[in-house]
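The next block holds one structure in the form of structure tokens; read it before the comments.
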2 protein chains.
Amino acid sequence: MTDPLRTNRIYQGDSIEVMRSLPSASIDMIFADPPYNMMLGGELLRPDNSRVDGVDDEWDRFESQRAYAEFTRSWLREARRLLKDNGTIWVIGSYHNIYRVGAELQDLGFWTLNDVVWRKANPMPNFKGTRFTNAHETLLWCAKSAEARYTFNYEAMKSLNEGLQMRSDWTLPLCNGKERLKAEDGKKVHPTQKPESLLYRVILSSTHPGDIILDPFFGTGTTGAVAKLLGRQWIGLERDEAYIAAARQRIAQVEPIKDLRLLITPSKKSEPRIPFGTVVERGLLAPGSLLCDSQRRWTAKVRADGTLVATSSHGDHRGSIHQVGAAVQGAPACNGWTFWHIDRPGGAVPIDVLRQQVRAELEACAL
Amino acid sequence: MTDPLRTNRIYQGDSIEVMRSLPSASIDMIFADPPYNMMLGGELLRPDNSRVDGVDDEWDRFESQRAYAEFTRSWLREARRLLKDNGTIWVIGSYHNIYRVGAELQDLGFWTLNDVVWRKANPMPNFKGTRFTNAHETLLWCAKSAEARYTFNYEAMKSLNEGLQMRSDWTLPLCNGKERLKAEDGKKVHPTQKPESLLYRVILSSTHPGDIILDPFFGTGTTGAVAKLLGRQWIGLERDEAYIAAARQRIAQVEPIKDLRLLITPSKKSEPRIPFGTVVERGLLAPGSLLCDSQRRWTAKVRADGTLVATSSHGDHRGSIHQVGAAVQGAPACNGWTFWHIDRPGGAVPIDVLRQQVRAELEACAL
DNA sequence: CAAGGGACTGAATCCAGGC
DNA sequence: GGCCTGGATTCAGTCCCTT
């Protein structure tokens with residue numbers, strides 16, 4: 001193609017078809033949030049009988065796993081053609097699709113730089129208690145080859161992380177509140193709008209100001225909004241007219257900023273909560289160990305799941321260190337960390353020292 | 001095979017070959033930490049044990065990627081055969097191999113339950129500052145099919161996390177200090193020894209005491225050590241004599257927890273079911289008694305057969321405590337045990353206390 | 001106005017056992 | 001295997017309304 005690439009605009013149409021019309025080796029970075037192929041079953045009710053609004057949109061339905069694999073290979077192949085040799089691609093997904101995406105990326109010759117975990121601060125719980133709470137999504141970050149000289153703004157990431165190297169796990173909240181785009185009827189415009197904080201990190205880490213960023217599954221334009229904010233060029237591909245209208249309006253309101261320091265929001269550092277179970281799990285205290293209070297009036301036995309069992313004049317008790325501490329004393333509440341002790345040669349030591357030990361180990365990973 | 005499966009031992013030899021000699025549908029859970037030295041100069045063996053040269057030109061990279069895929073498919077296929085229908089498999093890996101593993105798992109028909117992120121508390125920094133610090137590894141947890149009734153000790157995980165649902169991201173330290181096995185020369189025995197805390201969570205979450213756990217890449221036996229501690233049976237496959245010797249010595253020193261009460265976290269789902277009719281039958285509630293909800297918005301009358309009758313704005317209702325509770329509220333479902341109350345001097349009391357009473361009586365009987 | 005309670009919501013492969 | 005029914009199951013955060 002001889003046409004110059006026109007940026008800062010949305011191209012309407014099927015992603016793969018529009019990509020085919022764009023010139024090769026013209027893009028610095030691609031961020032892609034493709035359909036996940038969730039395959040949800042029937043409806044899901046919360047314990048209060050309200051209905052979970054799942055992703056059942058037409059664009060997330062594929063005929064088979066094979067069809068999804070072919071779709072993935074097709075758009076990734078075009079993405080590879082559009083990327084400059086030193087460009088990189090980000091793809092976000094969940095366990096439903098990210099393993100297929102990762103395998104196809106590697107088959108096509110992409111070179112993985114990192115896989116990054118978006119650790120959701122406030123995920124939806126598992127209402128039926130059937131699995132671990134699905135509390136993260138995965139991003140893959142790849143170059144076109146092992147030899148590529150890709151962009152990585154190491155210092156920007158380090159300062160964003162208060163002077164420590166940015167790790168491959170990012171703790172960020174979901175997109176909700178005022179940031180979440182709502183239609184006039186109050187309903188969310190897009191079922192899976194990504195938080196801008198996520199795109200900040202992606203764009204800030206792997207592009208320079210002025211670079212051209214392509215998002216082939218543009219949705220309501222989070223990539224475009226953050227790209228404009230950060231002084232990058234952007235191109236969005238999207239099929240849905242309603243999404244496009246919302247994205248245009250949203251991006252028009254963005255005022256680009258030049259001073260990156262304004263973006264660095266200090267991370268909320270709070271003392272990490274340490275469940276007592278962690279102390280047991282890490283082998284600092286064996287299941288079956290005996291605890292006692294400082295006066296040795298009561299004893300309790302440690303269970304494998306981090307609860308205690310004890311017997312007192314009030315009966316048998318089972319529960320957390322706090323619950324059992326309160327129960328044996330007949331008290332309304334109790335701080336189990338300072339109440340319960342372990343017998344050591346020099347005397348009884350509160351189990352809080354074990355918590356301190358765990359905290360010390362954890363201090364290395366700040367976020 | 002007609003031989004009974006002999007557990008709590010290490011089988012020496014090639015993983016895939018030894019797996020072929022074991023009986024189908026005999027394993028409750030598999031934990032696998034397969035090799036993933038794809039292009040790091042380490043050796044990679046094809047399924048036929050021939051060696052792949054680690055050269056990094058395009059052709060050879062393709063060869064070794066394909067060889068790794070074949071290796072992965074081979075051992076996963078055997079793993080699938082060995083698993084009981086309701087068994088599950090855990091596989092741990094990094095971005096070098098886990099996407100290939102995940103794709104092969106799904107191709108073979110495994111059903112993903114969770115992907116779990118091990119967030120390393122103390123990862124190795126990225127010395128060159130060229131990427132994000134690689135601070136996590138990924139575990140995949142799969143059942144054999146979507147319909148399988150797999151084991152998940154929800155309550156134990158919740159207790160371990162001090163009353164909150166366990167999430168899909170686990171922050172745990174690397175294996176070091178006293179736990180790390182060292183040879184006489186002070187060098188580590190195994191390059192990638194996993195922390196026992198990781199296996200503790202894996203085993204406690206997805207197996208029952210007495211279950212049979214297979215680790216086809218046993219190494220220095222972390223899986224065996226934790227399995228023994230937690231009262232599970234184990235089988236380890238390993239080729240390397242030095243690893244086997246270290247594992248044997250290590251596991252011999254583990255003292256198992258014998259007391260089942262310390263190992264099992266009771267859950268409501270596992271308690272014996274009591275029909276409401278039993279409560280009436282035993283005279284804890286007379287036919288004709290009036291029940292109400294906690295807000296006293298609705299009332300219902302107890303019939304001799306343990307059903308209820310009630311009238312609401314939705315009409316007349318007759319049926320089980322659950323059905324009538326749902327009907328008067330116009331809700332899709334209802335737990336009648338906690339919804340319906342009896343009027344007592346101190347206030348309304350849920351009929352669940354009557355169920356507890358019956359359970360206590362039955363338990364006394366059983367002893 | 002501050003504090004507190006209740007409703008609502010988020011990429012979700014979300015039940016188990018008996019007949 | 002299909003159908004029916006008992007009955008178990010949620011965390012963090014925002015917004016609105018009441019006290």
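A, B, ... follow the sequence lines: proteins, then strands. Residue 1 opens every chain. All of these numbers come straight from a predicted model, not from anything done at the bench.
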Inset, instruction - Measure from NZ or CZ of A:R119 to the centre of the six-membered ring of A:W170, then state whether that distance is under 6.0 Å and the direction lies within 45° of the axis. - result: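 That pair does not qualify as a cation-pi contact.
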Inset, instruction - Is it possible for you to check whether B:R80 lies under 6.0 Å from the centre of the six-membered ring of B:F110, through NZ or CZ, and within 45° of that ring's axis? - result: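 Yes; both conditions hold, so B:R80 lies above the ring face of B:F110.
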Inset, instruction - Could you tell me the separation between the CH2 atom of B:W337 and the P atom of D:dA8, rounded to a whole number of Å? - result: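 So the two atoms are 9 Å apart, to the nearest Å.
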Legend entry - Rounded interatomic separation in angstrom, taking OH from A:Y99 and C1' from C:dA11: 15 Å
Legend entry - Base D:dG7 to side chain B:R355, donor-acceptor N/O within 3.5 Å cut-off: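 When only heavy-atom distances are counted, B:R355 does not reach the base of D:dG7 through any donor-acceptor pair under 3.5 Å.
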Legend entry - Among C:dA11, D:dC11, D:dG7, the nucleotide that comes nearest once only the side chain of A:M38 is considered: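 So the side chain of A:M38 is nearest to C:dA11.
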Inset, instruction - Counting heavy atoms from C-beta on, name the nucleotide in D:dA8, C:dT13, D:dG6 closest to the side chain of B:T112. - result: C:dT13
Legend entry - Base paired to C:dT13 (Watson-Crick or G-U; both N/O distances under 3.5 angstrom):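 Pair assignment: C:dT13 / none.
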Inset, instruction - State the pairing partner of D:dC16; accept Watson-Crick or G-U wobble contacts with both distances under 3.5 Å, and report none otherwise. - result: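 Across any shown strand, D:dC16 pairs with C:dG5.
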Think [X] has a side-chain N or O under 4.0 angstrom from the OP1 or OP2 of [N]?
{"X": "B:H322", "N": "D:dG6", "result": "no"}
{"X": "A:N134", "N": "C:dT13", "result": "yes"}
{"X": "B:Y154", "N": "D:dT10", "result": "yes"}
{"X": "B:R149", "N": "C:dG17", "result": "yes"}
{"X": "A:N176", "N": "D:dG13", "result": "no"}
{"X": "B:K158", "N": "D:dT10", "result": "yes"}

Inset, instruction - Scan A:P173 against the nucleic acid and name what it touches under 4.0 Å (heavy atoms): base, sugar-phosphate only, or nothing. - result: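 The answer is nothing, as A:P173 stays clear of every strand by at least 4.0 Å.
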Inset, instruction - Quick one: classify the glycosidic conformation of D:dT14 as syn or anti, with syn meaning within 90° of 0. - result: anti
Inset, instruction - Decide, applying a 5.5 Å centre-distance limit and a 30° plane-angle limit (both strict), whether A:F127 stacks on C:dC14. - result: no
